[in-house]
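Reviewing the structure listed below.
Quick note: numbers below take in every heavy atom, side chains included, and nothing from hydrogens, waters or symmetry partners. Counting from 1, the numbers follow the sequence of the chain as shown. Remember, predicted model here, so these are calculated numbers, not experimental data.
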Amino acid sequence: MMTVMQCLAVPVIVLSSLGAAVAQDTGSKSPTGPTILVPNPSSVAEPVSGGGPAPDVAGGPGYPRQPTIISSSFPDYGWLPLKYASNAAKMATFDATSPPLAWTAPPAGTVSVVLIMIDMESSSGGNPQDRLLWSVINLPPSTRLLAENTVRGRTTMLPTGAFQLSFLTNGYVGPLPGAIIQAHHYLFELYTLDKMLDVPRDVTLDQLKAAIKGHQTGQRGVLVAKCCTDSK
């Protein structure tokens, strides 16, 4: 008659044998499960969704205190292509195509990045807020690119927490009527800040500039485009 301990040992041996057989049949592979994707926090360049990899942007004379901003569609002080000025002939749509923009890494201590596009020749006597043709607010400092045709509104093309607006709508509006009669200059400004801005989504240009004041981590980056008498 087997002792109690001998009886208990039999199922243990059987289970061990079954485990070894299963491991041999599966080639000792680890059990499969859900794949968890962890973002890489050391990413040097994080473009907006769908924008592809951010291009290398050579730093200018003021870099890194002054980030360098460029466009692959026009040079600094060059003519803005008409594809980005659908409202220049007449105010036909709010769904204008925005140009692609890229920039160098911001200075140390930067928490957020703000892009502003203004018309430098807005009509005299008009509302100064009408100069704001595009702004993208609260971009994370890892972002290096705004893809062409960043659609307006709460789009997945912008990182979480970032939002955009112009004086007319919640996105890029571009050059307005009048620029095809006499060329205007359009200033793209890139501000690097030590905080996320707590401003409303309908913030005015004056309110935005006031919120930026005193929080810059370096000099603003600048890019100028002309439009639209000689634009093609």
Seminar exercise, completed: Of all heavy-atom pairs linking Ile180 and Ala89, the shortest is CD1-CA, 3.7 Å
Seminar exercise, completed: Tightest non-hydrogen contact, residues Thr97 and Tyr172, listed as O-CE2, 3.1 Å
For this session: Rounded to the nearest 0.5 Å, what's the gap from CG on Leu193 to OG1 on Thr110? Could you check?
Result: 7.5 Å
Problem set entry | Check: Leu132 main-chain N/O paired with Ser166 side-chain donor or acceptor under 3.5 Å | no
Seminar exercise, completed: Minimal heavy-atom distance between Leu208 and Ser135, with the atoms involved, is CD2-OG, 3.4 Å
For this session: Report, as yes or no, whether the 6.0 Å neighbourhood of atom CG on Asp198 holds more than 12 heavy atoms from other residues, nucleotides or ligands.
Result: no
Exercise. Name the one of His184, His185, Gln182 that satisfies side chain to side chain donor-acceptor pair (under 3.5 Å) with Glu121?
Worked result: His185
Exercise. Going only through I, L, V, M, F, W and Y residues with side-chain contacts under 4.5 Å, is there a path from Leu82 to Val224?
Worked result: no
Problem set entry | Validation row: Gln164, Asn170 side chains within 4.5 angstrom (heavy atoms) | no
Exercise. Is there a donor-acceptor contact under 3.5 Å from the side chain of Ser231 to the main chain of Leu80?
Worked result: yes
Problem set entry | Heavy-atom pair with the smallest gap, counting every atom of Ser98 and Ala147 | OG-O, 4.0 Å
Exercise. What pair of heavy atoms forms the shortest contact from Pro175 to Tyr84, and how long is it?
Worked result: CD-O, 3.6 Å
Exercise. Only one of Ile70, Leu145, Val57, Leu115 forms a side chain to side chain contact (heavy atoms under 4.5 Å, CB included) with Leu101, so which one is it?
Worked result: Leu115
For this session: Check whether any side-chain heavy atom of Phe167 lies under 4.5 Å from a side-chain heavy atom of Leu133, and answer yes or no.
Result: yes
Exercise. Is Lys226 close to Phe74 at the side-chain level, that is, under 4.5 Å between some pair of heavy atoms?
Worked result: no
Exercise. Can you tell if the side chain of Ile212 reaches within under 4.5 Å of the side chain of Arg220, non-hydrogen atoms only?
Worked result: no
For this session: Sort out for me which residue in Leu146, Ile116, Ile118, Leu165 forms a side chain to side chain contact (heavy atoms under 4.5 Å, CB included) with Trp134.
Result: Leu146
Problem set entry | Main-chain N/O of Pro67 paired to Thr104 side chain as donor or acceptor, under 3.5 Å | no
Problem set entry | Under 3.5 Å donor-acceptor, Thr155 side chain and Leu158 backbone | no
Exercise. Do any N or O atoms from the side chain of Thr217 and from the backbone of Gly109 form a donor-acceptor pair under 3.5 angstrom?
Worked result: no
Exercise. So if you build clusters from Ile, Leu, Val, Met, Phe, Trp, Tyr with side-chain heavy-atom gaps below 4.5 Å, do Val114 and Leu187 land together?
Worked result: yes
For this session: Before giving the answer on side-chain contact (heavy atoms from CB on, under 4.5 Å), spell out for Trp79 and Thr229 the whole-Å C-alpha distance, their side-chain angles and the decisive distance to 0.1 Å.
Result: CA-CA 9 Å; Trp79 291 97; Thr229 55; 3.4 Å; yes
For this session: Following the transitive rule for hydrophobic clusters with a side-chain heavy-atom cut-off under 4.5 Å over Ile, Leu, Val, Met, Phe, Trp and Tyr, establish whether Leu176 and Ile181 coincide in one cluster.
Result: no
Exercise. Do Leu205 and Tyr191 belong to the same hydrophobic cluster, where Ile, Leu, Val, Met, Phe, Trp and Tyr are linked whenever their side-chain heavy atoms lie under 4.5 Å apart, directly or via other members?
Worked result: yes
Exercise. With side chains defined as the heavy atoms from C-beta onward, is the minimum distance between Val113 and Thr143 less than 4.5 Å?
Worked result: no
Problem set entry | Minimum side-chain heavy-atom gap Met157-Val151 below 4.5 Å | yes
Exercise. Hey, are the side chains of Leu223 and Trp103 touching, using non-hydrogen atoms and a 4.5 Å cut-off?
Worked result: no
Seminar exercise, completed: To the nearest 0.5 Å, atom CD of Glu148 lies from atom OG of Ser72 at 7.5 Å
For this session: Determine whether Leu197 and Val203 fall in the same hydrophobic cluster, where Ile, Leu, Val, Met, Phe, Trp and Tyr are linked whenever their side-chain heavy atoms lie under 4.5 Å apart.
Result: yes
Problem set entry | Closest non-hydrogen atom pair, Arg144 against Pro106 | NH1-CD, 3.7 Å
